[in-house]
Amino acid sequence: MAARTACRGAVRASRGTVCMAMTGASLQGLRIVLVEPSHPGNIGAAARAMKVMGLRQLVLVNPRFFPDPEATALASGAEDILESAQVCADLDAALRGCHKVYGTSARDRRIHWPVRTAREAAGEILEALGTGDCALLFGRERTGLSNAELDRCQVLVHIPTADEYHSLNLGQAVQVLAYELHLAVLALHPARIPQTVREKPAPVEEMEGFYGHLQQVLRRTGFLQPVREIRLMRRLRRLFDRAAPSQNEVNILRGMLTEMTRWATKVDKKDRDSF
């Protein structure tokens, strides 16, 4: 593919609306920049990773194949991210207008750039977005970003991995960073994170009624023996105290005990009738 001489259009903000959880702490000023990606599937995977975490601006620097059916297939619902992606001939065009640039790197660099983990970088990027557009650079699949390209970055971003194996593909790396950015936004708006609705625990008088009912049934079944009854009931109390059942759950438990008692009564009657 011939090198393009200029960026196809100015890099712009999202056409769509970022998900509700992102409101008030926008990621729309963040450009995800893929430098010379060689596999179109990775472009599609990156687009999908971005959309599901509320990122919209995808910038491609001299991609080998784009547009491409494989990219569309791997986008899987994020085709709009691909359609609005900006294709640039060089890094200068991709970064134009950004006031801070972050570059991903897995290599141990001898030059001392500031280095952040993915989680640390996410919070810092959110803060930097408050004063203007930022870019997050991802390098080539085989060689990553060159030193000259890293020179354009103020901060390096590192994804911690296991010691025995460090390899993440491009789509995975974008997903990790996008996820950390989404978490950072949610942390600013904890009320927007769906909370599990838990019923109020049953009051103590209801629990005492349940314990008495349980003790009665266990005696009848022969499970409770006088020599260990006090200790076992104490353990059962601790068990249900930890569970903190709701009023509805206590009702269910007592309903079970009632049915067990009825069943035992029928069995006793049948046994008596058999004699």
Side-chain angles (χ1 to χ4, degrees), residues 6-35 37 43 45-61 63 75 78-105 113-139 145 149-159 170-171 173-190 192-193:
C7 185
R8 294 181 185 169
V11 178
R12 60 186 182 276
S14 163
R15 298 182 200 170
T17 302
V18 180
C19 66
M20 290 292 291
M22 297 291 180
T23 304
S26 175
L27 292 173
Q28 293 187 51
L30 180 62
R31 304 175 194 175
I32 301 299
V33 181
L34 310 185
V35 177
I43 299 174
R48 183 177 184 178
M50 290 170 60
K51 185 171 182 177
V52 78
M53 296 299 165
L55 291 158
R56 303 292 306 183
Q57 290 198 70
L58 175 61
V59 182
L60 306 174
V61 177
E79 293 86 354
D80 55 323
I81 302 295
L82 297 181
E83 290 168 2
S84 63
Q86 307 305 305
V87 180
C88 300
D90 53 45
L91 195 56
D92 286 337
L95 300 182
R96 188 169 294 123
C98 291
H99 80 98
K100 195 158 188 179
V101 180
Y102 294 77
T104 56
S105 177
W113 279 277
V115 179
R116 307 284 185 268
T117 65
R119 185 154 298 180
E120 292 167 344
E124 189 174 305
I125 289 170
L126 279 188
E127 185 176 350
L129 284 170
T131 54
D133 288 358
C134 298
L136 178 56
L137 271 57
F138 294 84
L145 295 169
E149 289 159 348
L150 287 170
D151 283 338
R152 305 291 301 275
C153 305
Q154 286 83 45
V155 179
L156 297 191
V157 182
H158 172 67
I159 299 174
L170 179 57
V174 173
Q175 182 69 83
V176 170
L177 267 298
Y179 172 71
E180 292 294 347
L181 286 160
H182 187 65
L183 283 188
V185 171
L186 291 179
L188 297 178
H189 300 278
R192 297 182 183 275
I193 304 175

Exercise. Give the minimum heavy-atom separation between Ala49 and Val174, together with the two atoms involved.
Key: CB-CG1, 4.2 Å

Quiz item: Roughly how far, to the nearest 0.5 Å, is the CG atom of Leu136 from the SG atom of Cys98?
Solution: 10.5 Å

Quiz item: Counting distance only, does the side-chain N/O of Thr117 pair as donor-acceptor with the main-chain N or O of His158 below 3.5 Å?
Solution: no

Practice problem: Over all heavy atoms of both residues, which pair between Ala121 and Val157 is shortest? Give the atoms and the distance, please. | Solution: CB-CG2, 3.7 Å

Practice problem: Give me the one residue out of Leu58, Val61, Val59 that meets side chain to side chain contact (heavy atoms under 4.5 Å, CB included) with Leu34. | Solution: Leu58

Quiz item: Just wondering, do Thr104 and Ile159 contact through their side chains at under 4.5 Å, heavy atoms?
Solution: no

Quiz prompt | Minimal non-hydrogen separation, Tyr102 against Ala128, with atom names | solution = OH-CB, 4.0 Å

Quiz item: Short question: side chain of Gln86, backbone of Ser84 - any donor-acceptor pair under 3.5 Å?
Solution: yes

Exercise. Report yes if some heavy atom in the side chain of Gln175 is under 4.5 Å from a heavy atom in the side chain of Met50; otherwise report no.
Key: no

Quiz item: What is the minimum heavy-atom distance between Leu91 and Glu149, and which atoms define it?
Solution: CD2-CG, 4.0 Å

Self-check item: Sequence-distant partners of Arg152, side-chain hydrogen bond (donor to acceptor under 3.5 Å, both in side chains), two or more places apart
Solution: Asp92

Quiz item: What pairs of residues pass the salt bridge (charged side-chain N to carboxylate O under 4.0 Å, His left out) test when at least one of them lies in residues 121-132, not counting sequence neighbours?
Solution: Lys100-Glu124, Arg116-Glu124

Quiz item: Does the side chain of Glu120 come within less than 4.5 Å of Val115's, by heavy atoms?
Solution: no

Exercise. Show the numbers, then the answer: is there a side-chain contact (heavy atoms from CB on, under 4.5 Å) between Arg56 and Asp80?
Key: CA-CA 9 Å; Arg56 303 292 306 183; Asp80 55 323; 2.8 Å; yes

Quiz item: Ala45: what forms a side chain to side chain contact (heavy atoms under 4.5 Å, CB included) with it, not counting sequence neighbours?
Solution: none

Quiz item: At what distance, to the nearest 0.5 angstrom, does CG of Leu145 lie from CG of Leu156?
Solution: 8.5 Å

Exercise. Could you tell me whether a side-chain N or O of His182 sits under 3.5 Å from a main-chain N or O of Leu55, the two making a donor and an acceptor?
Key: no

Quiz item: Are the side chain of Arg31 and the backbone of Asp133 linked by a donor-acceptor contact shorter than 3.5 Å?
Solution: no

Self-check item: Non-hydrogen atoms of Leu82 and Ala47 that approach each other most closely
Solution: CD2-CB, 3.7 Å

Quiz prompt | Straight-line distance of Leu95 CG to Cys134 SG, nearest 0.5 Å | solution = 11.0 Å

Exercise. Evaluate the side-chain proximity of Ile32 to Leu177: yes if any heavy-atom separation is below 4.5 Å, no if none is.
Key: no

Quiz prompt | Gap between atom CE of Met53 and atom CG of Leu186 - 0.5 Å precision | solution = 9.0 Å

Quiz item: Which heavy atom in Lys51 sits nearest to a heavy atom in Ile81, and how many Å separate them?
Solution: CB-CG1, 3.9 Å

Quiz item: Who pairs with Glu180 by salt bridge (charged side-chain N to carboxylate O under 4.0 Å, His left out), at least two apart in sequence or on another chain?
Solution: Arg119

